[in-house]
Chemist: 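First the structure, which I've put down as C-alpha cells, then a few questions once you've had a look.
Indexing begins at 1, ligand by ligand and atom by atom, following the structure's order. Just so you know, these numbers use all the heavy atoms, side chains as well, and skip hydrogens, waters and symmetry mates.
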Amino acid sequence: MNVIETRLPGVLIFEPKVFGDARGFFVETFRESVCRERGIPPFVQDNQSRSRRGVLRGLHYQLLQPQGKLVRVASGRVFDVAVDVRRGSPTFGQWAGVILDDVSHRQFYVPPNFAHGFVVLSDTADFVYKCTDYYHPASEAGIVWNDPDVGIEWPAEVLDAVLLSDKDRAAPRLKDQLAEKLPVYAP
Ligand SMILES: Cc1cn([C@H]2C[C@H](O)[C@@H](COP(=O)(O)OP(=O)(O)O[C@H]3O[C@H](C)C(=O)[C@H](O)[C@H]3O)O2)c(=O)[nH]c1=O
C-alpha cells in the first residue's frame, strides 16, 4: 500500500497493489496496521451509497462524534473532496481532491472535522467507506458544494447536471456558517 500526503496535512491517498490475472483482480482494501501506523483512529461503522452520474453528496461533517472516513469506490468513478473547516487551522477553507475509481482502487482518508463530499463521474458509482465514529444526525452540518470562497475545482464534465439532495442544495457557505457550527483546530 503506497500512502501519499496531500496538500492538507492528515488527508491521505492510499494506493493499494492490484493483482490482476485471467480471472480478474484481487486487492487488499483495508489493513488495520496501515491505518494505526498513521494515527488513524479505529473504524466503527461501514457505509455504502449508490449514486448515478452527476449526483453530488456533500459537503458534510459532524460536530459531535466527528468522523474520520476512509473512502473508496467499489464500482464506478468519482471525484472526492475534503475541506478543512476547523476554525484556526492554517489550511482553513482549503480543499484537496482525488479521483477514486474501480481501476486504481485508490482510497482517500478524510480526517475528523473535515467536510467531505464527492460527485459521480460514471453512469453509477458504489461508494463504500469506513467511519471512525457513529452517525450523529443531530450534529450534522454542511457547506455548499460550490462555495466560491472554497473554490473546489469540480470536474467540468458534470457541472451542468449536478444532482443534489434538498439538504445539500440549501447548505450554507463556509463564511455564513455559524461559528459554533465549526470545529476548532487542535494541533
Ligand atoms: C450518512 C448516514 C445516513 N443515514 C440515513 C439518513 C438518511 O435517511 C439516508 C440518507 O442520508 P444522507 O442523504 O445524509 O446520505 P449522504 O448524502 O450520502 O450523506 C453522506 O454523504 C457524505 C459524502 C458523507 O461524507 C457522509 O458520510 C454522509 O453525510 O441515510 C444513516 O442511517 N446512517 C448514516 O451514517
Chemist: Before we go on, tell me: are the rings of Y185 and F92 under 6.0 Å apart, centre to centre?
Modeler: no
Chemist: Measuring centre to centre across the rings, with the benzene-like ring taken for any Trp, is F30 within less than 6.0 Å of F43?
Modeler: yes
Chemist: If we ignore hydrogens and angles and just use 3.5 Å, is the side chain of W95 paired with the main-chain N or O of G151 as donor and acceptor?
Modeler: yes
Chemist: Would D102 and R77 count as a salt bridge (Lys or Arg N to Asp or Glu O under 4.0 Å) if you check the C-alpha gap in whole Å, the side-chain angles of each, and the deciding distance to 0.1 Å?
Modeler: CA-CA 7 Å; D102 58 10; R77 178 179 169 83; over 6 Å; no
Chemist: Could you list the cluster mates of V18? Members are the ILVMFWY residues connected by side-chain heavy atoms closer than 4.5 Å, either directly or through other members.
Modeler: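 Other cluster members: F25, V27.
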Chemist: Quick one, list the residues around ligand 1 where some non-hydrogen atom comes in under 4.0 Å, by chain and residue number.
Modeler: Q45, N47, R57, H60, K69, H116, F118, Y129, Y135, E140, K167
Chemist: Charged N to carboxylate O below 4.0 Å: is that the case for D46 and K130?
Modeler: yes
